[in-house]
Amino acid sequence: MTDPMGAPVEAMDRQRCFSLAELCRELGITPRSLRFYEDKGLIAPARAGTRRIYSMRDRARAKLVVRGKQLGFTLKQIKDLLDLYDADPQHRVQKVALLKEIQKRIRTLHEMNAAIATTLADLENIQQSIIESFDREEAA
DNA sequence: ATTCTTACA
DNA sequence: TGTAAGCA
């Protein structure tokens, strides 16, 4: 057997691959983005001449990249996690590292939320001051 | 018709 | 990352 991300076992399903356009369509991203991730070393599709051929494994990795981005992780963080997936078949270190990044992400999200709350309060106060100034004008 | 690389508003 | 350009 071979899980989506598994590399070791020789895949007998050597035909199920995707073209750039196919994978992009499935992932909902542009070819530019997919090539960009490749430049950053997150994906390493095979080539048929110069054409990119994405294997099931490439597709799985690409999906994780998209997923990671939706969650707000940087390509750097995603790459490090993906690399661990290869280096650690049991996914031990991988899980610990992922948990660590998730907690870090949660912390920054909380910080951002607090910052937004502060700015929101500031703007509402200013807004209120202006409204009150108008009220005073009318009363006068 | 599609994809590829490179360069840049 | 979008987009344009010049190839294959």
Side-chain angles (χ1 to χ4, degrees):
Chain A
M1 286 298 279
T2 149
D3 69 296
M5 283 286 286
V9 183
E10 310 309 325
M12 26 102 268
D13 41 36
R14 190 179 305 294
Q15 297 174 66
R16 305 187 210 170
C17 295
F18 310 73
S19 68
L20 178 71
E22 292 177 330
L23 190 53
C24 284
R25 194 187 327 128
E26 188 180 332
L27 298 177
I29 62 179
T30 65
R32 178 74 169 89
S33 297
L34 202 46
R35 296 194 190 98
F36 188 75
Y37 303 152
E38 183 182 332
D39 285 334
K40 294 304 178 183
L42 290 110
I43 309 173
R47 297 287 186 127
T50 81
R51 265 59 168 161
R52 267 166 263 250
I53 301 299
Y54 297 87
S55 65
M56 291 301 282
R57 177 166 172 289
D58 294 324
R59 189 211 55 139
R61 289 180 61 105
K63 276 194 172 184
L64 289 177
V65 173
V66 173
R67 177 63 170 146
K69 287 204 62 187
Q70 296 179 318
L71 295 176
F73 291 107
T74 65
L75 289 184
K76 165 63 176 173
Q77 292 176 304
I78 298 171
K79 173 179 166 48
D80 292 341
L81 259 9
L82 248 29
D83 289 343
L84 280 181
Y85 207 112
D86 294 328
D88 172 32
Q90 300 308 304
H91 309 162
R92 295 246 179 62
V93 182
Q94 215 262 342
K95 285 184 179 180
V96 175
L98 175 58
L99 177 60
K100 192 176 177 182
E101 292 306 309
I102 287 177
Q103 299 179 322
K104 180 195 296 180
R105 180 61 182 152
I106 288 177
R107 285 201 299 279
T108 77
L109 243 22
H110 277 310
E111 291 172 2
M112 292 171 75
N113 187 281
I116 289 176
T118 298
T119 302
L120 210 47
D122 288 345
L123 289 172
E124 289 173 332
N125 283 328
I126 295 173
Q127 169 184 251
Q128 193 54 41
S129 295
I130 295 176
I131 291 176
E132 287 173 2
S133 75
F134 284 152
D135 290 343
R136 282 196 296 281
E137 281 179 29
E138 291 173 22

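In the text below, chain A, chain B and the rest are named by the order of the sequence lines, each starting its count at 1.
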**Message:** Considering only residues two or more places apart or on different chains, which pairs with a residue in residues 63-79 of chain A satisfy salt bridge (charged side-chain N to carboxylate O under 4.0 Å, His left out)?
**Reply:** A:Glu26-A:Lys63, A:Lys76-A:Asp80, A:Lys79-A:Asp83

**Prompt:** Going by the salt bridge (charged side-chain N to carboxylate O under 4.0 Å, His left out) test, which pairs reach into residues 44-56 of chain A, not counting sequence neighbours?
**Reply:** A:Glu38-A:Arg47, A:Glu38-A:Arg52

Rounded distance in Å - [atom1] ([X]) to [atom2] ([N]):
X	N	atom1	atom2	answer
A:Ile53	B:dT3	CD1	C1'	11 Å
A:Asp39	B:dT5	CG	C1'	10 Å
A:Phe18	B:dT2	CZ	P	19 Å
A:Leu34	B:dT5	CG	C1'	15 Å
A:Glu38	B:dC4	CD	C1'	11 Å
A:Arg35	B:dT3	CZ	C1'	6 Å
A:Tyr54	B:dT3	OH	C1'	10 Å
A:Arg52	B:dT3	CZ	P	11 Å

**Message:** My validator wants the stems of DNA chain B: runs of 3 or more consecutive Watson-Crick or G-U pairs, both distances under 3.5 Å, written as range with range.
**Reply:** B:4-8 with C:2-6

**Fill in**
For A:Ser19, the side-chain hydrogen bond (donor to acceptor under 3.5 Å, both in side chains) test, sequence neighbours excluded, returns none

**Prompt:** Does the distance from a Lys or Arg side-chain N to an Asp or Glu carboxylate O, for A:Asp39 and A:Arg32, drop under 4.0 Å?
**Reply:** no

Show me the donor-acceptor pairs within less than 3.5 Å that the side chains of residues 107-124 of chain A make with the rest of the protein, sequence neighbours left out.
from     : atom 1 : to       : atom 2 : distance (Å)
A:Thr108 : OG1    : A:Arg105 : O      : 3.0
A:Thr118 : OG1    : A:Ala114 : O      : 3.1
A:Thr119 : OG1    : A:Ala115 : O      : 3.1

**Request:** Under the salt bridge (charged side-chain N to carboxylate O under 4.0 Å, His left out) rule, collect the residues that match up with A:Lys104, sequence neighbours excluded.
**Result:** A:Glu101

**Asked** What residues form a side-chain contact (heavy atoms from CB on, under 4.5 Å) with A:Val93, not counting sequence neighbours?
**Response** A:Leu84, A:Asp88

Show the atom names and distances, to 0.1 Å, of all donor-acceptor pairs under 3.5 Å that link a side chain in residues 130-140 of chain A to residues at least two apart or in another chain.
from     : atom 1 : to       : atom 2 : distance (Å)
A:Glu132 : OE2    : A:Gln128 : NE2    : 3.4
A:Ser133 : OG     : A:Ile130 : O      : 2.6

**Fill in**
The residue among A:Val66, A:Ile78, A:Asp86 that forms side-chain contact (heavy atoms from CB on, under 4.5 Å) with A:Arg61 is A:Asp86

**Message:** Does the protein touch nucleotides 1-8 of chain C at the base, only the backbone, or not at all? Give it as B, S and - per nucleotide, heavy atoms under 4.0 Å.
**Reply:** BBB-----

